[in-house]
Q: 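Got a structure for you, written out below as structure tokens; questions coming shortly.
Start at 1 with the first residue, then count along the sequence.
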Amino acid sequence: MKNIVLGLFTIGLLSNVSAQEAADKKIQAGLVFGAGMNMLKPGTKMFSKNGVGSDLTIGMNMNYSFSPTIALNTGIEFDFESIKYKSNSTSLNYYFNDTEILTKANYINSDGVYTPTGTYYQISERKMKPIYLTIPTMFVFRTKFIGYFRYFGKFGVRNSFLLSNTIQDQGSIYDGVNKVSSQNKDMHSSARDLSIYKGAIGVTGGAEWNFSGTTCLVAEIGYYYGFVDVNRGKSVIGDAEKNMTTFTSYNTSAVPSGFTALPFKQNQILFKLSILF
């Protein structure tokens with residue numbers, strides 16, 4: 001019995017000594033990997049979500065400690081996302097030329113003169129694949145090490161900036177006589193369909209395992225609430241109807257009308273795994 005007690009005491013003492021090395025570090029930095037789900041919140045009844053989208057994250061994170069129990073988490077992450085929605089009517093349309101989705105300014109000049117150009121397309125489903133550069137700013141509230149482990153919660157904002165976006169549409173092409181089912185792949189718009197900035201308030205929880213020296217493995221799961229429109233719309237400064245791509249009324253002999261923004265916000269559930277040194 002004495003040997004067992006002595007053994008347990010020795011293991012506990014060594015654990016605390018090892019964990020103390022990590023606890024005393026002012027800065028921890030390393031790689032982060034993540035995966036999750038994107039959930040759409042449409043701001044109009046013209047379209048609805050089409051299942052859930054995905055998120056793949058890779059980057060570098062850093063914890064700056066103010067004390068053993070409070071830190072600031074930041075870094076640089078790249079998010080490879082998918083966003084899916086479907087039309088609730090048959091009246092979401094645009095013109096395109098090759099892989100470019102045209103804006104109103106491309107075929108209606110400042111005097112309102114309509115010059116038909118490109119090919120007419122009617123959307124039934126859309127999938128966007130944006131890539132974001134994300135800078136998290138999260139406060140970390142954590143326990144002291146219990147053996148090799150400590151537990152934490154985070155609260156803060158993920159600030160994401162759009163790098164690129166491609167669009168894949170399912171719908172119909174109008175050839176002047178008939179509508180033919182067609183898929184438009186790898187499309188883009190010169191006016192940019194998504195907002196340059198996407199912000200989300202997040203709450204996460206997780207655990208940190210000090211498995212070797214000052215090296216720690218960190219696992220967490222979090223929920224992020226999007227507080228800005230992801231899709232570009234009239235509310236964006238400098239954005240006017242001439243930069244819009246989608247219209248609701250089409251006639252072969254008349255100017256398209258009902259140009260509209262398709263606003264939505266986005267919530268996310270993300271799982272992250274980090275290795276910090």
Q: If you look at every heavy atom in Ser82 and Asn38, which pair is closest and at what distance?
A: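 Of all heavy-atom pairs spanning Ser82 and Asn38, the closest is O-ND2, 3.2 Å.
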Q: Under the ring-ring contact (aromatic ring centres under 6.0 Å, His included) definition, can you give me all pairs with a residue in residues 21-46, not counting sequence neighbours?
A: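 Sorted result for residues 21-46: empty, none.
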Q: Whether the side chain of Asn231 engages the backbone of Leu262 through a donor-acceptor N/O pair (distance < 3.5 Å, no angle test) should be reported.
A: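 Yes, because the side chain of Asn231 sits within donor-acceptor range (under 3.5 Å) of the backbone of Leu262.
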Q: Between the side chain of Asn61 and the main-chain N/O of Gly75, is any donor-acceptor distance below 3.5 Å?
A: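 Not at all, since once roles are kept as given, no pair shorter than 3.5 Å links the two residues.
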Q: To the closest 0.5 Å, what do you measure between CG (Asp229) and CG (Leu194)?
A: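 Reported to 0.5 Å precision, the distance equals 11.0 Å.
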Q: I need the minimum non-hydrogen distance between Ala71 and Ser65, along with the two atoms involved.
A: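 Shortest heavy-atom separation between Ala71 and Ser65 comes out as CB-CA, 3.9 Å.
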Q: Go through it in stages, so that I can follow the logic: the residues are Val218 and Leu273, the test is side-chain contact (heavy atoms from CB on, under 4.5 Å), and I'd like the CA-CA distance, side-chain angles, deciding distance and then a yes or no.
A: CA-CA 6 Å; Val218 183; Leu273 195 64; over 6 Å; no
Q: Could you go step by step and tell me if Tyr132 and Glu81 meet the side-chain contact (heavy atoms from CB on, under 4.5 Å) rule?
A: CA-CA 8 Å; Tyr132 288 98; Glu81 298 189 7; 3.8 Å; yes
Q: Is any side-chain heavy atom of Arg126 less than 4.5 Å from a side-chain heavy atom of Ile167?
A: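 Answer yes - side chains close enough.
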Q: Keeping the roles fixed (side chain from Asn267, backbone from Gly226), state whether a donor-acceptor pair exists under 3.5 Å.
A: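 Flag set: sc Asn267 to bb Gly226 pair under 3.5 Å.
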Q: Check whether the side chains of Asn50 and Ser48 place a donor and an acceptor atom closer than 3.5 Å, and report yes or no.
A: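 Side-chain D/A pair, Asn50 to Ser48: absent.
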Q: Leu31 and Phe211: same hydrophobic cluster, using ILVMFWY side-chain contacts below 4.5 Å?
A: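 Yes, same cluster.
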Q: Would the number of heavy atoms belonging to other residues, nucleotides or ligands and lying under 6.0 Å from NZ of Lys26 be above 12?
A: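 Buried by this count: over 12 neighbours within 6.0 Å.
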Q: For Phe259, is the NZ or CZ atom of Lys104 found under 6.0 angstrom from the centre of its six-membered ring and inside 45 degrees of the ring axis?
A: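 Cation-pi check for Lys104 and Phe259: passes.
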Q: Determine whether a donor-acceptor pair (N or O, by modelled atom type, separation under 3.5 Å) exists between the side chain of His188 and the backbone of Thr99.
A: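 The answer is yes, because a donor-acceptor pair under 3.5 Å joins these two groups.
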Q: Name the residue from Asn93, Leu92, Asp169 that meets the side-chain contact (heavy atoms from CB on, under 4.5 Å) definition with Ser87.
A: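 Single side-chain contact (heavy atoms from CB on, under 4.5 Å) partner of Ser87 among Asn93, Leu92, Asp169: Leu92.
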Q: Is it the case that more than 12 heavy atoms not belonging to Ile76 sit under 6.0 Å from its CD1 atom?
A: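 For Ile76, atom CD1 is not crowded (no more than 12 foreign heavy atoms under 6.0 Å).
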Q: With side-chain contact (heavy atoms from CB on, under 4.5 Å) as the test, would you mind laying out the steps for Met128 and Gln168 before giving the verdict?
A: CA-CA 6 Å; Met128 293 187 284; Gln168 180 174 300; over 6 Å; no
Q: Counting only N and O atoms by type, is there a donor-acceptor contact under 3.5 Å from the side chain of Thr74 to the main-chain atoms of Pro136?
A: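 Looks like yes, one N/O pair under 3.5 Å.
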Q: What is the distance from atom OG of Ser124 to atom CD of Gln170, rounded to the nearest 0.5 Å?
A: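 The distance works out to 5.5 Å.
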Q: Does any donor atom in the side chain of Thr245 or Thr103 lie under 3.5 Å from an acceptor atom in the other side chain?
A: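 No pair is found: no donor N or O on one side chain lies under 3.5 Å from an acceptor on the other.
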Q: Are the side chain of Thr44 and the backbone of Met46 linked by a donor-acceptor contact shorter than 3.5 Å?
A: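 A pair under 3.5 Å: yes.
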Q: Between Leu102 and Asn97, is any pair of side-chain heavy atoms under 4.5 Å apart?
A: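 Yes - at least one pair of side-chain heavy atoms lies under 4.5 Å apart.
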Q: For the atom pair CG (Asn73) and NZ (Lys272), what is the distance rounded to the nearest 0.5 Å?
A: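 These two atoms lie 7.0 Å from each other.
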Q: Going by the salt bridge (Lys or Arg N to Asp or Glu O under 4.0 Å) test, which pairs reach into residues 133-162, not counting sequence neighbours?
A: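 Listed by first then second residue: Glu77-Arg158, Asp79-Arg158, Arg150-Glu208, Lys154-Glu220.
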Q: Any heavy-atom pair between the side chains of Ile221 and Thr204 that's under 4.5 Å?
A: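 No - every pair of side-chain heavy atoms lies 4.5 Å or more apart.
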Q: Do Ile70 and Phe152 share a hydrophobic cluster, counting only Ile, Leu, Val, Met, Phe, Trp and Tyr and linking them when any side-chain heavy atoms are less than 4.5 Å apart?
A: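 Ile70 does not cluster with Phe152.
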Q: Using only atom types and a distance under 3.5 Å, with no angle test, would you say the side chain of Ser249 pairs donor to acceptor with the backbone of Gly258?
A: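 No; zero donor-acceptor contacts below 3.5 Å.
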Q: Going from NZ on Lys41 to CE on Met39, what distance comes out if it is rounded to the nearest 0.5 angstrom?
A: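 Answer for the NZ-CE pair, Lys41 versus Met39, is 10.5 Å.
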Q: If you define the side chain from C-beta out and look only at heavy atoms, does anything of Ser54 sit under 4.5 Å from Met37?
A: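 No, too far: nothing below the 4.5 Å cut-off.
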Q: Considering only heavy atoms from C-beta outward, does the side chain of Glu125 approach that of Lys127 to under 4.5 Å?
A: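 Counting from C-beta outward, Glu125 and Lys127 never come under 4.5 Å.
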Q: Looking only at heavy atoms, which two atoms of Val32 and Met60 are closest? And how far apart?
A: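 Of all heavy-atom pairs spanning Val32 and Met60, the closest is CG1-N, 3.9 Å.
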Q: Does the side-chain contact (heavy atoms from CB on, under 4.5 Å) test come out yes or no for Phe78 and Leu56, once each step is laid out?
A: CA-CA 8 Å; Phe78 293 92; Leu56 177 65; over 6 Å; no
Q: Let me confirm one number: the CG-OH distance from Asp55 to Tyr224, rounded to the nearest 0.5 Å.
A: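 Going from the CG atom of Asp55 to the OH atom of Tyr224 covers 10.0 Å.
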Q: Tell me whether the rings of Tyr85 and Phe47 are parallel (<30°), tilted (30 to 60°) or perpendicular (>60°).
A: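 Ring orientation, 0 to 90° scale: tilted.
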Q: Determine whether a donor-acceptor pair (N or O, by modelled atom type, separation under 3.5 Å) exists between the side chain of Lys25 and the backbone of Phe277.
A: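 Checked: pair present.
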Q: Any chance the side chains of Ser91 and Thr248 put a donor and an acceptor closer than 3.5 Å?
A: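 No - no donor-acceptor pair under 3.5 Å links their side chains.
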Q: Is the backbone N or O of Lys198 less than 3.5 Å from a side-chain atom of Asn159, with the two atoms forming a donor-acceptor pair by type?
A: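 Not at all, since once roles are kept as given, no pair shorter than 3.5 Å links the two residues.
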Q: Is Val157 reachable from Val230 through a run of hydrophobic residues whose side-chain heavy atoms are each under 4.5 Å from the next?
A: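 Looking at the clustering, Val157 is in the same group as Val230.
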Q: Linking I/L/V/M/F/W/Y whenever any side-chain heavy atoms sit under 4.5 Å apart, do Ile83 and Tyr197 land together?
A: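 In one cluster with Ile83: Tyr197, yes.
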Q: Thr143 side chain to Tyr151 main-chain N or O, any donor-acceptor pair under 3.5 Å?
A: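 Yes.
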Q: Quick one: closest heavy-atom pair of Phe264 and Pro42, and the distance?
A: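 Of all heavy-atom pairs spanning Phe264 and Pro42, the closest is CB-CA, 3.9 Å.
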Q: Measure the spacing between CD1 of Ile108 and OG of Ser257 and express it to the nearest 0.5 Å.
A: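 Answer for the CD1-OG pair, Ile108 versus Ser257, is 9.0 Å.
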Q: For a 4.5 angstrom cut-off between non-hydrogen side-chain atoms, does Tyr174 reach Val180?
A: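 Sidechains of Val180 and Tyr174: no contact.
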Q: Go through the structure and list residues passing side-chain contact (heavy atoms from CB on, under 4.5 Å) with Ser182, not counting sequence neighbours.
A: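 Applying side-chain contact (heavy atoms from CB on, under 4.5 Å) to Ser182 gives Tyr121, Ile173, Asn184.
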Q: State, to 0.1 Å, how close Ser160 and Thr134 come at their nearest heavy-atom pair, and which atoms those are.
A: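 Heavy-atom minimum between the residues: OG-OG1, 2.8 Å.
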Q: Compute the ring centroids of Tyr64 and Phe66, then answer whether they are less than 6.0 Å apart.
A: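 Yes, close enough.
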Q: So, for Tyr107 and Tyr95, is the gap between ring centers shorter than 6.0 Å?
A: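 That pair passes the under 6.0 Å test.
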Q: Are the aromatic rings of Phe247 and Tyr94 close, with centres under 6.0 Å apart?
A: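 No, they do not, as the ring centres are separated by 6.0 Å or more.
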Q: Heavy atoms only: give me the nearest Leu162-Ser195 pair and the separation to one decimal.
A: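 The pair with the smallest heavy-atom distance is CB-O, 3.8 Å.
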Q: What about Val203 and Phe227, same hydrophobic cluster or not, with Ile/Leu/Val/Met/Phe/Trp/Tyr joined at side-chain heavy-atom distances under 4.5 Å?
A: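 Hydrophobic grouping puts Val203 with Phe227.
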